[in-house]
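Below: one structure, written as structure tokens.
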Amino acid sequence: MSIRKIHDLEFEVYISNEKIKDVISGMARKINIDLAGKDVIFLGILNGAFMFASDLFREITLDCQITFLKLASYAGTSSTGTVKRLIGINEDIYKKTVVILEDIVDTGVTLDNIIKQLKGYEPEEIKVATMLFKPDAYTMNLKLDYVGLEIPNDFVLGYGLDYEGLGRNLADLYKVVES
Ligand code: IMP
Ligand code: MG
């Protein structure tokens, strides 16, 4: 088995790139059917979702747009921790069907924050597509319209996800080797 050392931790392959690609194809087929005829814009959330967004988008057959957003920390903090501001968003989403593309939904706090900010731009509707979902960590009630894979509450990396900046380039998804 191929073990990758990233910083201080050892990781092993958890989900192969082939499996990920199959899951994404299935998700794209659903989206192509569900959102046919709508004015759709995909919003990839950087950095983690770039690989997922790229693989999904090339299988989308709708006439649609894609753009990428980033969350930047505010200088101040709130009672709930650091508040993050969405950057790169503009009036392009007004009256459109927005599909948020996330790499992973863990507690859901990030997603909740993104959706609250997007609503201010008055899209027609907001859908969520996430490659990975950790149901055991989830604390929100937001509907996840398209979920690639549900995974346990373990730390994973690869396929766009990082561990302190490294590992995003790995094609497969890895998890920490349990000692
Ligand atoms: P949430 O706000 O708790 O849902 O966390 C969302 C963000 O945390 C994701 O967009 C990732 O950047 C990061 N994250 C959560 N779980 C993992 C993981 O297992 N590996 C790498 N990053 C993760
Ligand atoms: Mg992320």
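Start at 1 and go down the list; that is how both ligands and their atoms are numbered.
Distances shorter than 4.0 angstrom occur between a heavy atom of Val156 and an atom of ligand 1. Residue contact annotation: Asp162 has a non-hydrogen atom under 4.0 Å from ligand 1. Ligand 1 has Gly108 within reach: a non-hydrogen atom of the residue lies less than 4.0 Å from it.
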List the steps and the verdict of ring pair (Phe, Tyr, Trp, His ring centres under 6.0 Å) for Phe155 and Tyr163. CA-CA 9 Å; Phe155 189 79; Tyr163 170 45; 5.8 Å; yes

Output, in order, the C-alpha distance, side-chain angles, deciding distance and verdict of side-chain hydrogen bond (donor to acceptor under 3.5 Å, both in side chains) for Lys84 and Gln117. CA-CA 10 Å; Lys84 299 218 169 156; Gln117 294 187 57; over 6 Å; no

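When the heavy atoms of Ile151, Thr107, Ile114, Thr139 are ranked by distance to atom 1 (P) of ligand 1, first place goes to Thr107. For atom 9 (C) of ligand 1, the nearest non-hydrogen atom from the set Ile104, Leu161, Asn47 belongs to Ile104.
Only the side chain of Asp103 comes within 4.0 Å of ligand 1, counting heavy atoms alone; its backbone N, CA, C and O stay farther away.
For the residue pair Tyr159/Asp103, the side-chain donor-acceptor check at 3.5 Å is not satisfied. Judged purely by distance below 3.5 Å, without hydrogens or angles, the side chains of Ser25 and Arg29 never pair a donor atom with an acceptor atom. Side-chain N/O atoms of Thr97 and Glu124 include no donor and acceptor closer than 3.5 Å. Side-chain atoms of Tyr121 and Asp92 include no donor-acceptor pair closer than 3.5 Å.
In summary, the atoms of ligand 1 found under 4.0 Å from a heavy atom of Asp154, numbered by their order in the structure, are 19 (O). Each of the atoms 1 (P), 2 (O), 5 (O), 6 (C) of ligand 1 lies under 4.0 Å from some heavy atom of Thr110.
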